[in-house]
Structure formats: structure tokens, C-alpha cells
Amino acid sequence: MTKGESKGGGAKVETAIKPTRADDYAEWYQQVVRAADLAEGSAVRGCMVIKPWGYALWERIQAELDVMFKATGHKNAYFPLFIPKSFLEKEAEHVEGFAKECAVVTHHRLIAGEGGGLIPDPKAKLEEPLIVRPTSETIIGASFAQWVRSYRDLPLLINQWANVVRWEMRTRLFLRTAEFLWQEGHTAHATREEAEAETRQMLDVYSTFAREHMAMPVFKGRKTDAERFPGAVDTYSIEAMMQDRKALQAGTSHFLGQNFAKASGIRFQSKQETEEYAWTTSWGVSTRLVGGLVMTHADDDGMVIPPRLAPAHVVILPVLRGDDTKAKVMEFVHGLAAELRSVTYHGRRIEVEVDNRDLRGGEKSWEWIKRGIPLRVEVGPRDVEAGSAMLSRRDRGTRDKASISRVDLVGTITSILDEMQAGLYARALAHRTEHTRWVGSRAELEDFFTPKSVRMVGGDERPEMHGGFALCPFAGDASVETELREKLKVTVRNIPEDLPDGGPDRSNMRCIFTGAPADKVALFAKSY
RNA sequence: CGGGGCGUAGCGCAGCCUGGUAGCGCACCUGGUUCGGGACCAGGGAGUCGGAGGUUCAAAUCCUCUCGCCCCGACCA
């Protein structure tokens with residue numbers, strides 16, 4: 001059982017977030033997002049306001065990924081928000097995939113209506129409707145077609161940071177909203193091999209980022225046909241396990257073959273003087289990662305931010321008691337803050353917040369606990385006397401604090417943060433390992449994903465937290481996927497590259513559903 | 001788009017059945033006592049009760065219409 005859960009032996013602990021994960025996971029998630037001040041709903045249905053602390057997390061994700069994209073040769077650019085309807089129509093599968101959830105712009109002017117309001121001017125109707133981009137393959141393809149003439153123009157390695165709109169029915173902050181922020185890489189290559197290598201390279205970038213920065217273990221793998229991106233030849237994903245054991249697709253990378261090159265006319269003259277279609281890729285991660293961060297690390301007291309992603313690493317909370325000591329304490333605090341800021345942690349300066357708001361100490365502490373800042377440092381008159389501070393770590397109990405000398409704090413803060421980062425990853429990995437299982441038969445798989453109802457205090461019954469990741473040989477029969485999705489809401493998340501120990505003899509596997517020879521192992525799970 | 005629910009102070013709600021002109025908790029403001037882990041006391045500000053129409057001496061409450069939102073069923077980063 002994870003730290004902070006209210007069930008189990010011992011006295012019931014008062015938690016900052018109610019309900020707890022064990023009591024109502026979905027509601028817990030919403031409460032953490034609110035309590036950590038990450039985001040809130042807005043006047044626009046399905047759209048969220050990302051608040052400064054939440055946006056700072058996204059900025060950290062952007063900053064780290066951007067460096068990784070640049071290091072692999074990509075350049076940033078920006079393409080239009082609006083896509084002519086005819087562009088979207090160019091790739092058949094693509095249309096089918098997105099048509100159902102598009103925002104459409106039909107007019108370019110408003111005039112006074114009868115009731116005093118504004119209405120679209122019938123005389124200002126667009127000749128061709130514009131679609132607010134749900135993704136940009138087609139509009140970027142049009143530019144690529146202009147930019148690419150010769151094999152010497154390839155590869156073309158472009159990324160854009162942008163917002164996109166998908167008119168979703170059911171929305172949840174960060175996890176699924178009608179508008180979201182993301183990054184979409186688009187590349188064009190002279191050969192199939194090179195484009196496939198690019199697809200895999202970016203998948204690796206994502207999994208490295210997830211592991212090292214987000215402290216989130218992921219399974220990398222290829223999607224089945226049923227789960228492929230509309231218009232792609234192959235889709236790859238990284239899949240992470242959330243604390244309720246459901247999978248979250250945390251990043252995708254697509255090998256688009258020549259489908260979009262043909263649709264957009266991305267042609268080039270080869271060295272052999274033949275005309276060829278380019279091979280393209282696209283890959284993306286979104287603000288959904290912030291939701292993934294919450295569901296991977298947060299606990300019943302709120303957000304927990306991995307140090308390497310933290311907008312601020314430490315908050316200093318001055319304990320001010322009376323005017324006689326206030327000046328001394330603040331002098332010490334500012335000195336300490338300056339010293340900490342001079343320390344480098346993975347290429348960044350340590351970020352320090354000094355919270356000297358006129359609030360009670362406990363109230364401030366709890367606020368920062370809920371926000372998930374890695375370290376809290378209290379400095380009061382007694383610490384000033386002793387040249388020390390009281391240090392609390394977000395990965396320990398909320399009341400757990402220990403005195404540390406100023407010198408030691410400055411000297412060891414990076415190793416403390418590294419230890420926390422490693423600890424968060426280890427904990428997430430242990431959780432995933434505990435709930436990942438090889439299954440040998442369909443019955444076993446169905447049992448694994450069938451909840452046993454649990455009687456709550458007060459008599460309510462609700463499904464237990466159950467299931468997890470199931471691995472088994474799979475021959476790739478699409479009708480099996482449909483059946484499992486309909487019956488159990490379980491899907492193949494991907495065909496993982498790296499498999500945990502155990503399982504059947506890889507050289508002689510049979511599909512557990514059809515009995516046919518199988519050369520692949522599939523990862524099954526319920527998902528967000 | 002089908003089934004269910006809800007709109008009353010910034011947030012969460014009570015009041016409605018049995019009409020009499022608006023209340024509670026949290027938050028906010030002021031003063032005081034407090035303060036090394038979610039304080040207490042006293043005082044205070046804040047709501048055209050989603051909107052329109054009707055019944056009535058009188059409507060948050062009853063009736064009609066309307067708008068918006070949330071939950072459940074077909075999708076998805």
C-alpha cells in the first residue's frame with residue numbers, strides 16, 4: 001500500500017485531499033488539480049484555464065523537450081491555426097478520424113442581431129469553411145510540398161509548439177479537454193528507413209524524457225492497427241501506469257509512410273533523377289502529461305513534483321515572531337535563498353520561493369505541500385541563532401522535519417533532490433511491476449480485469465481498484481480487440497519492445513485467444 | 001442525440017412539499033488574543049434566488065416556457 005492511503009491498519013490519518021485515492025480516484029484527481037492550483041474549468045465548455053503553477057509545469061516540460069528536439073536536429077516553426085476544409089479531405093483515413101470532433105469557422109464578421117446581440121453576418125460567409133486544427137499534418141504538408149524540391153532539401157525536421165482543438169464530449173482537466181497545448185513534430189525524409197528511424201528516435205526521446213524528468217516508467221511499443229493514428233502506417237506510443245492501474249498514453253510517434261506526402265504532394269527529385277514521394281513522420285506530447293504527472297506521483301496530501309521538473313525546488317518559510325527578530329530572520333532567509341540559487345542542479349539554478357506572506361505558518365506549509373514543491377525550509381529565530389534550518393521533504397510524511405545546518409543544506413541539496421527523483425521513479429516502477437502480470441489464458445485475463453465490488457464504510461458498493469497491465473502472446477486478431485473493448489473496456493495499449501521477466505518461451509508462443517502461433521506480446525489495459 | 005439531475009453570496013449547500021420578502025459552512029475584510037504544522041473571539045461586506053411570463057394582497061417557494069451546466073450511453077493526446 002502506498003504512503004498516505006487512509007485505509008489499512010492504524011489511526012485514520014487526516015489527509016489534505018478528500019476523498020483519498022482509495023475512496024474515489026476520479027474525484028481525488030480533480031481535487032488535487034484544484035488544491036495544487038494547477039488549473040480550473042472555464043466559461044468555455046470543455047476548455048480549461050491553466051493557472052500559473054500548472055503552466056509553469058508545462059513550461060518545464062517544454063524547456064526540457066525543446067532542448068532534446070534541438071539536440072536531434074529539429075527546428076521550431078509555426079503554422080496556421082486554421083486549416084481549409086479541403087486540406088483535411090485529402091487523406092481519407094485522416095478525415096474519418098477527426099471529422100467528428102472539429103470546430104468549424106464559417107463566417108468572418110458579426111453584425112447586430114434582433115435581440116440586441118451579435119450574429120454572424122450572412123453576407124460574410126466564408127467561401128470555404130476553415131477548421132480549427134485538430135492536428136496539423138495537412139497544413140504542414142502543404143508547406144513541405146513547397147519547401148521540398150530535391151533530395152538535398154531532406155531531411156526536413158520541424159517542430160511546432162501550439163494549441164489544437166478536438167471537440168470532445170467528455171472532458172477532464174489536462175487529460176482530455178476541447179483545447180489543449182502540445183508539441184507536434186513533422187519530418188520528411190528521402191527514404192523509408194530514415195523516416196522509420198526518425199519515428200523510433202523520437203519515441204526514444206519521449207521515453208527518456210518520461211523516465212529521467214518525469215520519473216515515470218513507460219512501456220514503449222507499436223500500436224495495433226485498431227489503435228493507429230488516422231492516416232499513419234505505424235503508430236508507436238509510450239504507455240504509463242497511473243495509480244489506479246489504468247494506462248495513460250503519454251506520447252505518440254507516427255510513421256506516416258508516403259500517405260501524407262501523396263495527399264499533400266511532397267515530392268522530390270532523387271540523386272538518380274527520379275521523382276519520389278517523401279516519407280514523413282509526426283510525433284507529439286501534450287498538456288496531458290501534466291495530468292499524468294498528477295496521477296503518477298501525487299498522494300492523498302496533494303501534488304508531488306519530481307525535482308527535475310519542479311518550477312521551484314524549495315520554498316523558504318520564515319517563522320516571524322515579533323518585530324525584534326523579524327529583521328534578523330529575513331536577513332538570514334534572503335542570504336540562504338541567494339546561496340541556494342547559486343547552486344546548479346542538472347544545468348539549472350536551484351529555484352527558490354520565499355513565502356513571507358502574512359499567514360499562519362501551518363496554513364502556508366499545507367499550501368506548499370498541496371502544490372507539491374519538493375522541499376520546504378522553515379527558518380525561525382532559533383535557526384538563525386544556530387545557523388541552521390528545518391527541512392521537510394515532500395516524499396516524506398508531512399510532519400517529518402529535521403534540523404539541518406545552513407552549510408549542509410546548501411552543500412547537499414542537489415543530492416537530496418536527486419535522491420527524491422530516484423525515489424519517485426522507483427516507487428512508480430514498483431507500483432507498475434506489482435500490477436503487471438503475464439496471463440496465460442483468456443479466462444485469466446478476464447478475471448484480472450473484472451472488478452469485485454467492495455463495500456465501503458456506510459454501505460455503498462463500488463468496484464474495487466483492480467486490474468493493471470496484462471501481458472500475453474497475441475496473434476493480432478482485430479476482432480479479439482473489439483470484443484475485449486466492448487466487454488471489458490480493455491484495449492491493447494501497445495506491443496512493448498522491452499518486456500519484464502517471466503512469461504512464455506518467446507520462441508514458441510501461441511495466442512491466448514485464438515491458439516494461433518504468435519510472435520508478438522501485447523500489453524492489455526484499461527486506459528484514459 | 002436518448003435517460004437522470006442541478007441552477008440560491010467567490011466555493012459548497014439548506015430553505016421549496018405546507019407561498020409571508022433569504023440563511024448556514026468555508027473563503028474574504030476589520031480589531032484583538034494567538035503563532036515552530038490546517039487557530040480562536042468579536043464585528044463586518046457580499047446574493048435582482050439562471051432568465052422570461054403567469055397565478056396571488058404577497059413567489060426562491062406554485063404553474064408555463066426558456067437558457068445553461070453536470071452525470072450515464074457511441075470517441076480520443
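Given the structure is predicted, the values throughout are model-derived calculations rather than measurements. Residue numbering restarts at 1 for every chain, and letters A, B, ... go by the order of the sequence lines. Only heavy atoms go into these numbers, but all of them, side chains included; no hydrogens, no water, no symmetry mates.
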> Which part of the nucleic acid, if any, lies within reach of A:Q249 when heavy atoms closer than 4.0 Å are counted: base, sugar-phosphate only, or nothing?
Replying inline: sugar-phosphate

>> Please enumerate all residues that pass salt bridge (Lys or Arg N to Asp or Glu O under 4.0 Å) together with A:E385, with sequence neighbours excluded.
In response: none

> Which part of the nucleic acid does A:R376 contact within heavy-atom distance under 4.0 Å: base, sugar-phosphate only, or nothing?
Replying inline: base

> What is the nucleic acid contact for A:G380, judged by heavy atoms within less than 4.0 Å: base, sugar-phosphate only, or nothing?
Replying inline: base

> What is the distance from CG of A:D358 to P of B:rC28, rounded to the nearest Å?
Replying inline: 12 Å

>> Work out how far the C1' atom of B:rA59 is from that of B:rU8, and round it to whole angstrom.
In response: 14 Å

> Which whole number of Å gives the distance between the P atom of B:rC17 and that of B:rC6?
Replying inline: 15 Å

> Can you name the residues that form a salt bridge (Lys or Arg N to Asp or Glu O under 4.0 Å) with A:K85, not counting sequence neighbours?
Replying inline: A:E89

> Has the side chain of A:S365 got a donor or acceptor that lies under 3.5 Å from a partner of the other kind on the base of B:rG38?
Replying inline: no

>> Quick check: on RNA chain B, is the nucleotide nearest A:P381 upstream (toward 5') of the one nearest A:A250, or the reverse? Name the residue that is more 5'.
In response: A:P381

> What does A:K401 touch in the nucleic acid at a heavy-atom separation under 4.0 angstrom: a base, only the sugar-phosphate, or nothing?
Replying inline: base

> How far does the C1' atom of B:rG32 sit from the matching atom of B:rC70, given to the nearest Å?
Replying inline: 44 Å

> Rounded to the Å, how far apart are A:L65 CG and B:rA77 P?
Replying inline: 18 Å

> When we call it a touch if two heavy atoms are under 4.0 Å apart, what does A:T135 touch: a base, just sugar-phosphate, or nothing?
Replying inline: nothing

>> Does the plane of the ring in A:F209 sit parallel, tilted or perpendicular to the ring in A:H213? Use 30° and 60° as the thresholds.
In response: parallel

> Tell me: CG of A:D383 to C1' of B:rG37, nearest whole Å?
Replying inline: 14 Å

> In whole angstrom, what separates A:H186's NE2 from B:rA77's C1'?
Replying inline: 13 Å

> According to the ring-ring contact (aromatic ring centres under 6.0 Å, His included) rule, which pairs have a member within residues 235-254 of chain A, sequence neighbours left out?
Replying inline: A:F229-A:H254

Distances for protein N or O near nucleotides 39-42 of chain B N or O, under 3.5 Å:
from   : atom 1 : to     : atom 2 : distance (Å)
B:rA39 : OP2    : A:R360 : NE     : 2.8
B:rA39 : OP2    : A:R360 : NH2    : 3.2

>> Is the distance from the ring center of A:H94 to that of A:F260 below 6.0 Å?
In response: yes

>> Going by the rule side-chain hydrogen bond (donor to acceptor under 3.5 Å, both in side chains), which residues pair with A:E227 if we only count those two or more places apart in sequence or in a different chain?
In response: none

> With a cut-off of 6.0 Å (strictly less than), are more than 12 heavy atoms of other residues, nucleotides or ligands near CD of A:E331?
Replying inline: no

>> Under the rule for salt bridge (Lys or Arg N to Asp or Glu O under 4.0 Å), what residues qualify as partners of A:K70, not counting sequence neighbours?
In response: A:D66

> Expressed in angstrom and rounded to an integer, what is the separation of A:Q31 atom CD from B:rC26 atom C1'?
Replying inline: 14 Å

> NA contact type, A:L248, heavy-atom cut-off 4.0 Å: base, sugar-phosphate, or nothing?
Replying inline: nothing

> Across the strands shown, which category fits A:W366 at heavy-atom distances under 4.0 angstrom: base, sugar-phosphate, nothing?
Replying inline: base

>> Without decimals, in angstroms, what is the distance between A:R399 CZ and B:rG38 P?
In response: 6 Å

>> At 4.0 Å (heavy atoms only), tell me whether A:A16 reaches a base, stays on the sugar-phosphate, or touches nothing.
In response: base

>> Taking B:rG5 as the reference, what is the distance to B:rG47 when you measure between their P atoms (whole Å, please)?
In response: 32 Å

>> Would A:R133 and A:F79 count as a cation-pi pair here, with the cationic atom under 6.0 angstrom from the ring centre and within 45° of the axis?
In response: no

> Among all residues two or more places apart in sequence or in another chain, which pass the salt bridge (Lys or Arg N to Asp or Glu O under 4.0 Å) test with A:E378?
Replying inline: A:K401

> Given atom CD of A:E486 and atom C1' of B:rC75, what is their separation to the nearest angstrom?
Replying inline: 13 Å

> Roughly, in whole Å, what's the span from CZ in A:R382 to C1' in B:rC35?
Replying inline: 12 Å

Could you go over nucleotides 71-73 of chain B and give all protein N or O partners under 3.5 Å, atom names and distances?
from   : atom 1 : to     : atom 2 : distance (Å)
B:rC72 : OP1    : A:R170 : NH2    : 3.2
B:rC72 : OP2    : A:R170 : NE     : 3.0
B:rC72 : OP2    : A:R170 : NH1    : 3.1
B:rC72 : OP2    : A:R170 : NH2    : 2.5

> Residues two or more places apart in sequence or in another chain: which of them pass ring pair (Phe, Tyr, Trp, His ring centres under 6.0 Å) with A:W283?
Replying inline: A:F69, A:H74

> Taking the nucleotide of RNA chain B with the closest heavy atom to each, which residue, A:R288 or A:A389, is nearer the 5' end?
Replying inline: A:A389

> Expressed in whole Å, how much space separates the C1' atoms belonging to B:rC63 and B:rG19?
Replying inline: 13 Å

